[in-house]
Amino acid sequence: MNQEKQLLEQALSELQARRENTDREAYGPLIEGAEALIQKYGAGGAGTKMGDETLAALYFLTAELLFEKDLATRKATRGKNFENEAKALEYYNKAVALQDKEEYSYELWNFLSSAGHKEEGIAALERFIERMGGTAKVLSRAAEYILMYADSEDTGAIQKSLDYFYRAVEMEPDRYETYWAYWTDLEEAVDVCPRLMKEAFFCLEELIRLSLPENAENHDTLGNRYFELAGLYNKQQEYEKALEVGKKGLAAGGADWGYDILIELLIGMNRFEEAVPYCHNRIESLIGRPGTEPSLARVFFRLAHCYHMINQPAQAEKFYLAFENGQDIVPSEYRDEYLLYYKNSRKLWERIKRWFRRWFRRG
């Protein structure tokens, strides 16, 4: 190894060490030091003696320092430094041109996407995939990013996204991050592009498989994945399947909002008596928690509606009149029933107000 290359590698190592112990906002001196090394050893100096690997590492480190400092500045000022952004892009591209490394292409994409250059970001990932074939990580990110920005009518972009997704799955079928990243975009995409429903079911079923107790790493998310799968079945009007997997979600320890899914399903299936205990469980989970009043109001009215439909008017009346100024928060689907009970229950209303004041003070 020649002496100059050895000195550069030592300087790079020192900069990396300083970076680990420096806040992003204070990267200024590190950037100055990195750019001084570029002036000394880059294209205008003795670059040919350094070797592509070492010089690429210098360009990449400099780009990372500029990018991370800009992220910190944006967070503090909500503004960009366009000069730093242009420099970072130049150095990322130089690093990639000197050495085809996944890390370099991936971080170039990360920079471009964070800076809002979506088309350039997609192109950077696709260039790397074309040259190197791509890894599951890169293919997954390309699939997700293309789908994120694809118009529902853009069948070519959607198909390209699907192709990358299935290539990533074929490469690493047990990579949780691939399914999770794609599902986060599919969750909304299926509403405007129903052809993606098959992939939505596939992602959730794989996420559930990878979240079972024998795969303990993601086990704490299992209940919520069941709830999301129930939501898909609900969209497909497969209500019995939705109910089945929703109950699995509760059994797996899913979040309290799972009760809302089951209540909605049971009411939609006219199984009002079955919905009653789920309503009570949801109320217990919300009582006394600040900021939950709209959710609490909705479940009270749902419970009242269930009692109304199973011919228990006294119970229905009690829960319809559970909140003061009720008319302002009555969900539209329950407004007519509420007004019926409200008009006939002024005396009971005063008793209910006193009861609920005691209940909330106790909580």
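Along the sequence shown, residues are numbered consecutively beginning with 1.
- With hydrogens and angles disregarded, a donor-acceptor distance shorter than 3.5 Å links the side chain of Asn93 to the backbone of Leu89.
- Side-chain contact between Ser211 and Tyr176: present, with at least one pair of heavy atoms (C-beta onward) separated by less than 4.5 Å.
- Looking only at side-chain heavy atoms (C-beta outward), Met171 and Thr178 stay at 4.5 Å or farther from each other.
- In terms of the side chain to side chain contact (heavy atoms under 4.5 Å, CB included) criterion, residue partners of Glu90 (sequence neighbours excluded) are, by chain and number, Lys94.
- Atoms CG and CZ, on Asp260 and Arg302 in that order, are 5.5 Å from each other to the nearest 0.5 Å.
- Under the side chain to side chain contact (heavy atoms under 4.5 Å, CB included) criterion, Glu68 pairs with Arg19, Arg24, Tyr27, Glu64, not counting sequence neighbours.
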May I have the list of side-chain donor-acceptor pairs in residues 305-313 shorter than 3.5 Å, sequence neighbours left out?
{"residue": "His305", "atom": "ND1", "partner": "Glu337", "partner atom": "OE1", "Å": "3.1"}
{"residue": "His305", "atom": "ND1", "partner": "Glu337", "partner atom": "OE2", "Å": "2.7"}
{"residue": "Tyr307", "atom": "OH", "partner": "His280", "partner atom": "NE2", "Å": "3.1"}
{"residue": "His308", "atom": "ND1", "partner": "Tyr341", "partner atom": "OH", "Å": "2.8"}

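- Looking only at distances, no side-chain donor or acceptor of Tyr259 sits under 3.5 Å from a matching main-chain atom of Ser285.
- Taking 4.5 Å as the limit, every side-chain heavy atom of Tyr149 sits out of range of all side-chain heavy atoms of Glu119.
- Side-chain contact between Lys137 and Arg175: present, with at least one pair of heavy atoms (C-beta onward) separated by less than 4.5 Å.
- Counting only heavy atoms from C-beta outward, the side chains of Lys318 and Gln315 approach each other to under 4.5 Å.
- Closest of all the heavy-atom pairs between Leu66 and Lys87 is CD1-CB, 3.7 Å.
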Criterion salt bridge (charged side-chain N to carboxylate O under 4.0 Å, His left out) on Arg127 and Glu130, from CA distance to verdict
CA-CA 5 Å; Arg127 283 196 301 271; Glu130 288 170 9; over 6 Å; no
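- Between the CD1 atom in Ile283 and the CG atom in Leu303 there is a gap of 5.0 Å [rounded to 0.5 Å].
- A salt bridge is defined here as a Lys NZ or Arg NE, NH1 or NH2 lying under 4.0 Å from an Asp or Glu carboxylate O, and Lys69 with Asp23 fails to meet this definition.
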Identify each donor-acceptor pair in which a side-chain atom of residues 192-199 lies under 3.5 Å from a protein atom, sequence neighbours left out, and give them as a table.
{"residue": "Arg195", "atom": "NH2", "partner": "Gln159", "partner atom": "OE1", "Å": "3.2"}
{"residue": "Glu199", "atom": "OE2", "partner": "Tyr166", "partner atom": "OH", "Å": "2.6"}

Could you walk me through whether Phe67 and Thr62 pass side chain to side chain contact (heavy atoms under 4.5 Å, CB included), step by step?
CA-CA 9 Å; Phe67 178 35; Thr62 310; over 6 Å; no
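- Scanning both residues, Ala63 and Ala88, for their nearest heavy atoms gives CB-O, 3.6 Å.
- No side-chain heavy atom of Tyr164 sits less than 4.5 Å from a side-chain heavy atom of Val138.
- Using a 4.0 Å cut-off between a side-chain N of Lys or Arg and a carboxylate O of Asp or Glu, Arg225 and Glu228 qualify as a salt bridge.
- Partners of Ser113 according to the side chain to side chain contact (heavy atoms under 4.5 Å, CB included) rule, which considers only residues two or more places apart in sequence or in another chain, are Trp109, Asn110, Tyr145.
- Formation of a donor-acceptor pair under 3.5 Å by the Asp151 side chain with backbone atoms of Glu153 is found in this model.
- Relative orientation of the Tyr92 and Phe111 rings is tilted, given thresholds of 30° and 60° on the angle between their planes.
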Take Tyr59 and Tyr104, measure what side chain to side chain contact (heavy atoms under 4.5 Å, CB included) needs, and give me the verdict at the end.
CA-CA 10 Å; Tyr59 283 128; Tyr104 293 173; over 6 Å; no
When you look at Tyr91 and Leu58, which way does the side chain to side chain contact (heavy atoms under 4.5 Å, CB included) test go after all the steps?
CA-CA 9 Å; Tyr91 295 142; Leu58 172 59; over 6 Å; no
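- Looking at Ser140 and Tyr179, their side chains never bring a donor and an acceptor atom within 3.5 Å of each other.
- Taking both residues in full, the closest heavy atoms of Leu12 and Ala57 are given as CD1-CB, 4.2 Å, listed atom of the first, atom of the second, then distance.
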Identify every side-chain donor-acceptor pair in residues 265-277 under 3.5 Å, counting partners at least two apart or on other chains, and give the distances.
{"residue": "Arg271", "atom": "NE", "partner": "Glu274", "partner atom": "OE2", "Å": "2.8"}
{"residue": "Arg271", "atom": "NH1", "partner": "Glu240", "partner atom": "OE2", "Å": "2.9"}
{"residue": "Arg271", "atom": "NH2", "partner": "Glu274", "partner atom": "OE1", "Å": "3.1"}
{"residue": "Arg271", "atom": "NH2", "partner": "Glu274", "partner atom": "OE2", "Å": "3.3"}

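- What you find for Ala168 and Leu139 is that their closest heavy atoms are CB-CB, 3.8 Å.
- In this structure, the ring of Tyr106 has its center no less than 6.0 angstrom from the ring center of Phe128.
- Atoms CG and CH2, on Leu207 and Trp183 in that order, are 9.0 Å from each other to the nearest 0.5 Å.
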Given Arg131 and Val96, is the side chain to side chain contact (heavy atoms under 4.5 Å, CB included) satisfied, shown in steps?
CA-CA 12 Å; Arg131 292 193 310 268; Val96 170; 3.7 Å; yes
When you look at Ser295 and Arg298, which way does the side chain to side chain donor-acceptor pair (under 3.5 Å) test go after all the steps?
CA-CA 5 Å; Ser295 296; Arg298 183 167 293 276; over 6 Å; no
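- The CD atom of Gln16 sits 11.5 Å away from atom CG of Asn21, with the distance rounded to the nearest 0.5 Å.
- Ser105 contributes no side-chain N or O that, together with a main-chain N or O of Glu102, makes up a donor-acceptor pair within less than 3.5 Å.
- Between the OH atom of Tyr226 and the CD atom of Glu244 there is a distance of 9.5 Å, given to the nearest 0.5 Å.
- Between Leu186 atom CG and Thr184 atom OG1 the span is 8.0 Å, to the nearest 0.5 Å.
- Residues Tyr182 and Ala143 approach most closely at CE1-O, 3.5 Å, considering heavy atoms.
- Between Ile146 and Glu126, the closest side-chain pair of non-hydrogen atoms falls below 4.5 Å.
- Ion pairing between a basic and an acidic side chain is recognised when a charged N comes within 4.0 Å of a carboxylate O; Arg209 and Glu206 show such pairing.
- A donor-acceptor contact shorter than 3.5 Å links the side chain of Asp154 to the backbone of Ala157.
- Taking each heavy atom of Ala142 and Ile129 in turn, the nearest pair found is CB-CD1, 3.9 Å.
- Using a 4.5 Å heavy-atom threshold, the side chains of Phe227 and Leu250 count as touching.
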